Structures are given as C-alpha cells and as structure tokens.
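Okay, structure first, notes after.
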Amino acid sequence: MTNIISIQNIANHVGEEVTIKGWLYAKTGKGKIQFLRLRDGTGITQVVLFKPNLPPEVFQAGKRLSQESSIIVRGLVKENERAPGVPKGYEIEAADLEVVQIAEEYPITPKEHGIEFLLENRHLWIRSRKQWALLRLRATIMQALREWLNGQEFVEMSTPILTPAAGEGTSTLFEVEYFGDTIYLAQTGQLYNEANIYSFGKVYCFGPTFRAEKSKTRRHLTEFWMLEPEMAFCDLDGMMEIEEQMVSFMVQRCLEERAEELKVLERDTTMLEKVLAPFPRISYDDAMDKIKEIQANLTDPAQKKLLDITWGDDFGSPHETELTKLYNQPIFVYGFPTQCKAFYMEPWPNRPEVCKSVDLLAPEGYGEITGGSERISDPDLLLRRIHEENLPEEAFKWYLDLRRYGSVAHSGFGLGVERTVAWVAGVHHARETNPFPRMLGRVYP
RNA sequence: UCCUUGGUAGCUCAAUGGUAGAGCAAUCGGCUGUUAACCGAUCGGUUGUAAGUUCGAGUCUUACCCAAGGAGCCA
C-alpha cells in the first residue's frame with residue numbers, strides 16, 4: 001500500500017508513487033490514452049491512463065467509468081504544465097485503478113444548466129468545481145472570524161434558537177408551536193449576548209437565524225448564519241475598530257489560504273488586497289448628500305427614481321450599491337435616524353432623532369454585511385423606548401434588569417455570513433454561499 | 001404581497017395555427033496529450049395541468065400549478 005495523499009498537497013509528492021481516493025469529475029479519452037479528472041474533496045487532479053503501460057483490464061476499467069464513479073488510483077505524481085486541476089500543473093501516471101462503484105447516469109453534466117435545475121439538485125451541485133470552491137471559502141471565512149475573536153479574548157456563547165419574544169420587528173418571525181404556546185425562531189442572539197457580556201466581558205454567538213421575510217432577492221435567505229459579537233465598556237467608535245480589524249484579518253486570511261479557490265471562482269483579488277483597516281467612516285447625513293449628488297447626475301429617469309430617498313428612510317439596495325461604488329474599501333455608515341432603527345439603540349448626544357448605529361457596506365456593490373449599534377445602558381431611557389414602540393414590557397423584564405446591576409456602555413453588531421461570502425467570493429447570489437439554502441418557496445433538498 | 005419573464009427529450013434551447021427538431025448527456029465504434037476534445041452511428045417526447053376556439057393547437061383564449069428576476073423589508 002502506497003501513501004494515501006490529499007490532492008491539495010500533491011506538489012509535495014512529485015516523483016513519489018501515491019494513492020488517491022475520490023470521484024471521477026470528468027473524462028476524455030483518445031484511443032490508447034485516457035485522461036481522468038479526479039476529485040478527492042481537497043482538490044482536482046488529472047490521472048493519465050496510458051494503455052501500453054497498464055494491464056489491459058485496468059485500462060478497460062478506465063473506459064467503463066461514468067461521471068462521479070468512485071475510484072482508488074495508485075500512480076506516480078508528475079509535474080506537467082498541460083495538466084488541468086486544482087492545483088493545476090500536476091498529474092498522476094496511473095499504475096493501478098480500483099473501481100469502488102460505477103455511478104448511475106449523473107444529471108449534472110459539464111455543460112450549462114438552469115438555476116431551477118441546479119437548485120433542485122443542490123445535493124449534487126455542491127460537488128461542482130465552483131460550488132466546492134465557494135463552500136471551502138465559506139468555511140475559511142467562518143474559521144478566520146472565530147480565530148480573530150478568540151485571539152482578542154472573546155468568549156463564544158450559544159444563544160437560544162427557540163425564543164419567547166422578538167428581537168426586532170414582529171412581522172418577520174417564524175412561529176413554532178411549543179407545548180401549546182406560540183414561540184419563535186430566533187432572529188438574533190443579541191439580547192442574550194447583552195446578558196452574557198456582564199459575565200464574560202466580550203462575547204459572540206455564531207449560528208443560524210431566521211427571518212420569515214417574503215423577499216425574493218439575491219441577498220435574502222430565510223435561514224442565514226450570523227456572527228454577533230457584543231462588547232462591554234465599548235462605544236460606537238470602539239466597535240468600528242473591532243469590525244474593521246476583524247474583517248481585514250478575515251479577508252487577508254482568505255487570500256493566503258484560499259488562493260486556489262478564488263482562482264476557480266475567477267475572483268479579481270486586487271480589490272480584496274485593499275481591504276485593510278481602517279475603513280472610511282461616513283455619517284448618514286453625509287451619505288445622504290452623496291446619494292443626492294449621484295442622483296442629480298443621472299440621466300435615466302428610472303434609475304433616478306430608484307435613488308429617491310428622504311431623511312429618515314433607511315437605505316435600500318440601490319442606495320448602498322451606489323454609495324459603495326465611490327470607494328474601493330468597505331465603508332462604515334453611522335448615525336442613522338432613530339425612526340428606522342431598533343428600540344435599543346443609544347441616542348446620539350444632543351441629537352435624539354439620530355442613534356449610535358453603524359452599518360458596514362462591502363465594496364463593488366455588495367452592500368450591507370454588518371449592522372450594529374451602541375446599546376442603551378440607562379434603564380429609564382430603555383423603558384421609555386419600549387413604551388414608545390408599544391412593545392410588551394413584561395417580555396423585556398429580564399432585559400431591563402441588565403441595566404440595573406452594573407450597567408455600562410456596550411455595543412455589538414451582527415455579520416451576515418452569506419452576504420460576506422458572496423462579497424469575498426465575488427458571486428452574485430447569496431443562495432450559492434450556503435450549502436443548502438432556505439428561501440421563500442424552496443426548502444428542498 | 002405586488003410587478004416582469006418563463007415552463008417542449010435527462011440538460012440547454014429551436015419550431016408562420018399545418019409531419020415536434022438541434023446541441024450536449026447516455027450507448028456502441030475510431031483516435032498517443034485531452035482541457036466543456038474530436039469523428040461516425042444508435043437511443044431519447046402525455047410540449048406544466050385542465051378546459052375551450054379551430055378541419056387542425058407546442059403555438060390562440062381562460063383558469064390553475066410551478067419557477068426565475070426585481071421591489072418593499074432586512075444581515
């Protein structure tokens with residue numbers, strides 16, 4: 001038995017005889033020579049079957065292989081610049097080939113497919129080159145974010161998914177029957193993290209969150225993963241520093257560790273190389289002026305109308321897109337009107353119509369990837385805001401308690417994983433960045 | 001929820017109201033460097049569902065089903 005290797009490490013084994021276990025991704029043949037493209041989960045490499053060098057039954061076995069057949073190949077690793085693969089430039093000159101299973105006719109061919117068909121076959125689509133690269137990148141992004149936070153003494157906290165009350169608006173909650181009561185799938189772990197900081201200082205939760213929004217756009221999933229750090233003794237400026245450090249670290253880590261995957265995704269990485277803290281900070285008021293200016297210079301009336309906005313409105317996708325086009329870095333937009341944000345956000349000093357909130361917008365038109373704020377720390381003010389928003393005081397009793405026992409300035413934000421991955425990977429739609437996306441009208445497979 | 005577009009072979013798509021077709025995939029054969037190979041052959045259909053108009057409907061009408069794209073809202 002020779003050494004079993006991973007394709008991603010193939011460069012370290014040139015000249016050695018190795019064994020690779022995997023699946024047939026594609027195949028071309030030419031009489032006495034066959035080229036197999038072999039996937040093993042870590043990469044793709046080319047296996048060359050040359051008839052004169054092989055027992056007849058081995059060469060014949062190669063000819064019988066269908067797409068996605070599972071095989072074990074033994075052979076010599078060679079450098080060859082003609083060989084395609086991830087990484088490219090290496091191939092295996094086969095000495096032996098063991099067939100584990102001949103796959104049935106595989107529905108996803110190397111040719112083009114429509115999105116409906118691909119989503120219906122998502123359980124198979126994830127094997128395709130681009131999807132594979134994308135989900136590997138997602139794993140690295142999640143790991144890098146955790147690693148940075150852990151390195152800064154954050155403690156990971158699990159927050160509940162079954163919750164008795166809303167974190168934000170009540171219109172987008174999934175109801176769950178709970179032994180005769182109605183409760184909800186969590187939209188956020190924030191309120192619980194505000195309790196956690198008083199025990200641990202700096203915390204984060206990282207898990208799935210749920211929004212029953214009836215939105216069908218490239219940015220929306222009904223179930224998506226969110227990373228939510230929350231920090232005690234931290235104001236809005238302190239939070240922005242944490243955000244830019246964390247995001248820069250994550251992007252640079254992707255460039256180092258997932259260069260091959262970014263190549264598969266045909267991502268122009270020059271924009272990613274520029275993602276280094278600090279990021280530009282623009283107030284809502286200034287952003288408003290810039291949008292008005294862009295709008296004034298537009299000639300197409302339909303485009304112009306899309307950018308219509310009055311002070312007090314939250315930005316829509318068209319506004320974010322135009323704004324981010326002005327910069328080649330992610331940008332912070334801070335100080336949103338209180339009326340378009342959640343009840344728990346700290347008012348701006350001497351400007352109660354504005355709150356200490358901040359969104360981070362990714363460049364190249366990707367838009368909002370994080371949203372956060374400094375939280376109200378004064379118990380009386382918080383109670384007043386709960387009343388103003390007509391929220392049930394009883395449900396927030398424990399939340400108000402947090403302001404009674406050593407209350408401090410604290411801040412937190414939520415980072416949407418799918419949108420972040422879409423940006424780093426340069427893909428259009430958030431649905432591809434989740435292995436099994438849940439969307440309005442689609443929960444299969 | 002609203003607006004727009006679409007549903008024909010396993011897949012991607014053609015087809016003036018007049019014989020349902022091509023490419024890919026699959027199967028068989030050929031080829032010593034393929035990159036979505038190439039060449040030859042074979043196989044492949046309840047045109048989303050139901051009703052209607054018509055001598056005749058994939059095509060026209062009505063209803064329904066399904067999907068995609070976008071808006072509002074949001075990460």
Side-chain angles (χ1 to χ4, degrees), chain A residues 25-37 44-53 59 63-64 66-68 78 80-86 88-89 91 93 103-121 124 128-129 167-172 187-188 190 208-228 302 305-306 308 313-318 320 340-342 359-362 366-372 413-423 428-431 433-434 439-442 444:
Chain A
Y25 190 61
K27 176 175 84 165
T28 61
K30 225 188 158 184
K32 292 193 173 64
I33 189 165
Q34 295 182 74
F35 302 96
L36 312 182
R37 215 137 312 143
I44 304 176
T45 198
Q46 174 162 278
V47 176
V48 183
L49 301 180
F50 188 44
K51 195 170 184 179
N53 294 352
F59 190 78
K63 290 188 94 166
R64 277 176 35 242
S66 53
Q67 190 185 350
E68 289 302 317
K78 288 185 160 181
N80 189 325
E81 61 178 23
R82 289 173 296 186
V86 184
K88 73 188 287 265
E91 63 183 21
E93 191 178 278
E104 289 181 30
E105 188 178 336
Y106 191 67
I108 300 179
T109 65
K111 288 280 185 176
E112 59 192 333
H113 297 284
I115 189 64
E116 182 184 352
F117 176 78
L118 290 170
L119 287 173
E120 200 68 17
N121 289 283
L124 305 176
S128 297
R129 231 166 78 96
E168 319 210 335
T170 50
S171 60
T172 61
Q187 291 179 316
T188 170
Q190 177 204 319
T209 50
F210 307 86
R211 308 253 165 118
E213 281 157 6
K214 297 199 169 170
S215 338
K216 279 184 68 166
T217 82
R218 66 192 185 92
R219 298 177 177 195
H220 284 86
L221 304 178
T222 54
E223 175 183 318
F224 64 95
W225 278 61
M226 190 152 66
L227 171 69
E228 296 181 273
K305 189 159 187 339
L306 269 179
D308 269 349
D313 292 344
D314 207 348
F315 294 140
S317 306
E320 290 181 358
C340 67
K341 291 290 177 184
D359 286 357
L360 181 63
L361 310 185
Y366 281 91
E368 186 175 356
I369 55 171
T370 81
F413 63 95
L415 175 141
V417 170
E418 283 76 10
R419 287 183 183 180
T420 302
V421 178
W423 161 52
H428 181 70
H429 205 301
R431 67 185 163 209
T433 67
N434 185 294
M439 289 168 290
L440 183 63
R442 181 176 289 284
Y444 177 93

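Since we're looking at a predicted model, the values are computed, not measured.
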What is the nucleic acid contact for [X], judged by heavy atoms within less than 4.0 Å: base, sugar-phosphate only, or nothing?
X         : result
Gln46(A)  : base
Arg129(A) : nothing
Phe50(A)  : base

Quick one: which protein N/O atoms are closer than 3.5 Å to N/O atoms of nucleotides 12-14 of chain B? Pair and distance per line, please.
from	atom 1	to	atom 2	distance (Å)
rU12(B)	OP1	Gly114(A)	N	2.8
rU12(B)	O2'	Glu112(A)	OE2	3.3

- Message: Need the pair for rC60(B). Rule: Watson-Crick or G-U wobble, both distances under 3.5 Å, any strand; none if unpaired.
- Response: rG52(B)
- Centroid distance under 5.5 Å and plane angle under 30°, Phe224(A) vs rA75(B): yes
- Task: For rU59(B) and rG6(B), measure between their P atoms and round to the nearest Å.
- Result: 15 Å
- Could you measure between the two C1' atoms, the one in rA57(B) and the one in rA50(B), and give it in whole Å? 15 Å
- Message: Does Thr188(A) form a side-chain hydrogen bond (donor to acceptor under 3.5 Å, both in side chains) with Glu228(A)? I'd like the steps, not just the answer.
- Response: CA-CA 8 Å; Thr188(A) 170; Glu228(A) 296 181 273; 2.5 Å; yes
Please list, for nucleotides 39-49 of chain B, all pairs of protein and nucleotide N/O atoms separated by less than 3.5 Å.
none

- Consider the side chain of Thr28(A), meaning its heavy atoms from C-beta on, and name the nucleotide among rG69(B), rG33(B), rA37(B) that approaches it most closely. rA37(B)
- For Ile44(A) and rU35(B), give me the distance from atom CD1 to atom P, rounded to whole Å. 16 Å
- Item | Distance test, side-chain N/O of Lys111(A) to OP1/OP2 of rC11(B), below 4.0 Å | no
- Item | His429(A) side-chain N/O to rA68(B) phosphate OP1/OP2 under 4.0 Å | no
